Amino acid sequence: MTDFKRYTITAALPYANGPLHIGHIAGAYLPADTYVRYLRLRGEDVVFICGSDEHGVAITLGARKEGVQPRAFVDKYHGLMKKAFEDFGISFNIYSRTSNQVHYETAQEFFKKIYDQDLFIEETSDQYFDEQEGIFLADRYIIGTCPNCGNTNAYGDQCEKCGTSLSPKQLINPRSTVSGNTPVLKPTKHWYFPLDKFENWLKEWLIDGHKDWKTNVFGQCKSWLDQGLQPRSITRDLDWGIPVPLPDAKGKVLYVWFDAPIGYISATKELKPNDWEKYWKDPETRLIHFIGKDNIVFHCIIFPSMLKAAGDYILPDNVPANEFLNLEGDKLSTSRNHAVWLHEYLQDLPGRRDELRYVLTSISPETKDADFTWKDYQQKVNSEMVAILGNFVNRVMVLVWKYFDGKVPSEHELPGTDDRRKRVLSLYTQAHTDLNKSVKEMTDALKNFRFREAQFQMLNLARIGNKFLADTEPWKLAKEDMEAVGCILNYALTVVGNIALACEPFLPDGAASIRRQLNSELEKSKSDFWKKEELVHIVLPQHQLGKAELLYRNVEDTEIEKQVERLKKPQQAAAPVATTENAVKPLKPEIVFDDFSKLDIRVGTVTSAEKMEKSNKLLKLRVDDGLGGRTILSGIALHYTPEEMVGKQVTFIANLAPRKMMGIESQGMILMAEDKDGKLKLVQPTDIVSPGSTVS
RNA sequence: GGCGCGGUAGCUCAGGUGGUUAGAGCGUUGGAUUCAUAACCCAAAGGUCGGGGGUUCAACUCCCCCCCGCGCUACCA
């Protein structure tokens with residue numbers, strides 16, 4: 001890492017449609033901030049870039065739902081996130097936004113640069129069009145029945161119930177969320193980025209060149225490359241976004257994932273209008289993206305290809321993506337309000353920023369998904385931050401005030417004539433060796449993005465300090481050898497000072513508190529410590545210390561009980577973001593009796609059932625329909641086992657055109673009720689009826 | 001179904017080109033201590049390293065099969 005002259009560090013641009021929760025923080029912003037603080041302490045030239053991602057259909061959808069213009073909508077969430085980051089102490093050099101003028105220009109230039117090389121593919125295809133509103137419908141504006149799980153509210157790009165990714169044309173009964181009408185297919189032109197043409201280059205650059213990346217990141221990328229890449233459309237028909245900078249592109253905007261990562265560049269431009277280029281084009285600059293695992297593909301495959309295509313840009317040197325954070329054993333969920341919101345945390349537990357940083361780093365999902373629990377939070381704060389770190393600093397302060405009136409005892413050689421002094425000397429040597437070892441391990445871990453380990457080694461300094469005091473027992477020596485006590489406490493203060501330096505990237509508030517207590521900014525020692533990676537001298541003899549203050553307070557049971565309670569009744573405090581998921585689905589357009597009577601609905605009895613081979617969602621059912629039986633495939637394998645299906649009566653559409661799936665023809669469709677949580681339940685008559693009975 | 005990542009003490013996690021009694025922190029228990037936010041320090045208990053095969057003088061570490069978690073992907077009337 002010494003080969004690089006400067007650093008460009010980015011943290012994923014949060015999407016401006018809701019507040020931030022601890023999952024976001026643990027995934028990207030906290031590790032990035034810790035790393036950046038470390039670099040700054042070393043004296044490196046670093047820019048830490050972030051901002052709100054404010055385009056895309058989800059924004060327009062959200063705005064519509066709140067009854068405001070997209071602009072007002074993103075203003076609100078941008079403000080909310082910016083403030084939460086600031087209040088929490090994430091130290092961006094700039095927190096920008098993709099709706100800025102600079103970004104519009106940058107993204108358009110970027111597009112043009114690739115366009116001028118004739119790299120894009122132009123293609124006209126049929127897309128759904130809402131005739132009443134006169135607009136093309138982006139994937140997410142179309143809702144229909146998911147062909148997989150039967151969810152009647154699946155989006156055109158993905159069914160959020162079963163997670164299947166879809167294309168709008170797969171939806172059954174598509175309807176526009178704008179007008180409620182059935183959309184029609186109409187041709188429209190779009191531009192595609194030829195990812196496939198970068199496949200070989202990516203393999204060389206990434207697979208051959210970056211085996212040093214985290215295994216989860218590397219493995220995921222390799223998996224994608226092995227599956228083969230396809231051109232991706234990078235424009236949309238929308239009125240919110242960055243206009244495609246071409247004469248024949250009225251009503252077209254850049255697709256959000258195309259413009260968002262360029263936001264890193266525009267934000268840098270905004271921050272450094274005159275010399276932004278050296279942070280993006282100089283090979284001696286190290287570019288690092290901090291993201292969550294959901295973003296791996298964009299940052300490791302797509303964005304690098306874009307940068308490569310645009311030419312003369314540097315590429316990410318590392319992308320330390322984290323896995324996900326769970327909460328109390330459950331996935332974080334915005335719609336169920338199962339989350340710890342950052343702004344609420346800061347309100348409910350004021351002055352406890354370090355506590356959240358510490359706990360989130362200690363369980364940082366570096367290699368696998370992690371779980372945040374309030375009990376664990378309490379335990380870690382109380383038994384590690386308070387009992388080990390806070391207590392060590394405090395007892396040193398108290399001892400120095402007690403025996404030396406708050407004046408740093410002078411350091412000097414301790415003549416080691418008697419056994420007692422020899423013992424102190426050897427304990428000092430041992431402590432010093434251990435401390436230096438931990439400092440080295442801490443910095444090594446930081447360089448390799450292992451923040452859990454780094455923080456552990458940081459806390460280890462306090463552990464060693466505690467042991468040093470317990471072993472040397474200055475309070476006993478005070479009765480017989482004050483000179484020795486002075487030496488011991490002088491050294492203990494040195495350790496405290498070094499802890500102030502060491503904990504700065506992890507616990508900035510604690511670091512500040514220790515500096516106040518030492519009555520010194522430790523300015524001169526900072527870069528020394530972080531560059532030499534060993535204990536440094538800091539405290540001057542006869543220097544007057546500040547007053548002792550407690551670093552951290554214990555977390556009481558009542559404090560966390562309140563938080564746990566809140567999570568137990570999640571529906572009460574509705575999530576600040578409305579989603580379609582928690583609403584009862586809107587009615588479909590009205591039909592006439594004739595429409596209904598076209599359906600032949602019948603009841604039959606399942607005579608046999610088996611799991612479809614090579615499918616984990618399909619069951620193959622044999623249904624007695626009173627007419628000799630028929631085979632029906634149904635995507636319910638996640639809800640019913642074959643065994644429990646046998647003998648059950650089911651309601652099915654009897655005159656639906658047969659459809660082949662995975663080589664087998666399905667002769668009908670089983671009707672299911674979908675519960676709020678997405679669970680499917682059979683629709684059955686309350687009593688047994690004879691097979692073939694009709695429903696009307 | 002395919003692919004990726006993971007499955008090690010109660011909890012959070014280390015580890016290893018295969019080789020003496022598998023490690024740490026927290027928690028628990030016992031002891032010691034009083035400078036300190038009943039904190040610190042010492043010690044102990046606690047694991048057939050997801051399961052089953054195989055290779056080997058020797059596997060938690062390599063190979064095969066299976067199970068579980070998370071993610072991507074396919075099928076999805």
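Chain letters run A, B, ... following the sequence lines, proteins first and then strands; every chain starts at 1. None of the values given here were measured: they were computed from a predicted structure.
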On RNA chain B, check which nucleotide each of N326(A) and L469(A) is closest to and give me the residue with the more 5' one.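 Closest to the 5' end, via its nearest nucleotide, is L469(A).
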Using a cut-off of 4.0 Å on non-hydrogen atoms, how would the nucleic acid contact of [X] be classed: base, sugar-phosphate, or nothing?
| X | answer |
| --- | --- |
| K331(A) | sugar-phosphate |
| N554(A) | base |
| E384(A) | sugar-phosphate |
| K214(A) | nothing |
| I632(A) | nothing |
| N466(A) | sugar-phosphate |

Choose from [options] the nucleotide whose nearest atom is closest to any side-chain atom of [X].
| X | options | answer |
| --- | --- | --- |
| D471(A) | A24(B), C13(B), C41(B) | C41(B) |
| S383(A) | C26(B), G71(B), U12(B) | C26(B) |
| R395(A) | C75(B), A36(B), U33(B) | A36(B) |
| A387(A) | A36(B), C40(B), A14(B) | C40(B) |
| W224(A) | C26(B), C70(B), C72(B) | C72(B) |
| Q379(A) | C42(B), A14(B), C26(B) | C26(B) |
| R463(A) | C75(B), U34(B), C26(B) | C26(B) |
| V386(A) | A39(B), U37(B), U34(B) | U37(B) |
| N394(A) | C70(B), U33(B), U37(B) | U37(B) |

Any Lys/Arg nitrogen of [X] or [Y] sitting under 4.0 Å from an Asp/Glu carboxylate oxygen of the other?
| X | Y | result |
| --- | --- | --- |
| R421(A) | E483(A) | yes |
| D509(A) | R352(A) | no |
| D481(A) | R420(A) | yes |

Got a minute to check which stems RNA chain B is part of, using Watson-Crick or G-U wobble pairs under 3.5 Å, three or more consecutive?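 The stems that RNA chain B takes part in, listed by first number, are B:1-7 with B:67-73, B:10-13 with B:23-26, B:28-31 with B:41-44, B:50-54 with B:62-66.
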Atom C1', compared across A58(B) and C5(B): separation rounded to whole Å: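 Their C1' atoms lie roughly 30 Å apart.
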For the pair Y358(A) and F506(A), evaluate ring-ring contact (aromatic ring centres under 6.0 Å, His included) and give the outcome as yes or no after the intermediate values. CA-CA 7 Å; Y358(A) 181 83; F506(A) 311 96; 8.7 Å; no
Does H24(A) reach the side chain of I22(A), with side-chain heavy atoms less than 4.5 Å apart?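 H24(A) vs I22(A): side chains apart.
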Whole-Å distance between G25(B) C1' and K467(A) NZ?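 The distance from NZ of K467(A) to C1' of G25(B) comes to 16 Å, rounded to the nearest Å.
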For residues W401(A) and Y403(A), establish whether the separation of their ring centroids is below 6.0 Å.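 Here the rings of Y403(A) and W401(A) have centres that are no less than 6.0 Å from each other.
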Are more than 12 heavy atoms, taken from residues, nucleotides or ligands other than K203(A), located less than 6.0 Å from that residue's NZ atom?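 Yes.
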Give a yes or no on whether the backbone of F372(A) and the side-chain of E328(A) come within a donor-acceptor separation of less than 3.5 Å.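 No, the answer is negative, given that no donor and acceptor are paired below the 3.5 Å cut-off.
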Look up atom CZ in F456(A) and atom CG in L461(A), then write down how far apart they are to the nearest 0.5 Å.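 So the gap between those two atoms works out to 10.5 Å.
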Are K211(A) and F218(A) in a cation-pi contact, defined as NZ or CZ under 6.0 Å from the six-membered ring centre and within 45° of the axis?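 K211(A) over F218(A) ring: no.
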Show each protein N/O and nucleotides 2-8 of chain B N/O combination with a separation under 3.5 Å, one pair to a line.
{"unit_1": "C3(B)", "atom_1": "O2'", "unit_2": "S223(A)", "atom_2": "OG", "d": "3.0"}
{"unit_1": "G4(B)", "atom_1": "O2'", "unit_2": "Q220(A)", "atom_2": "N", "d": "3.3"}

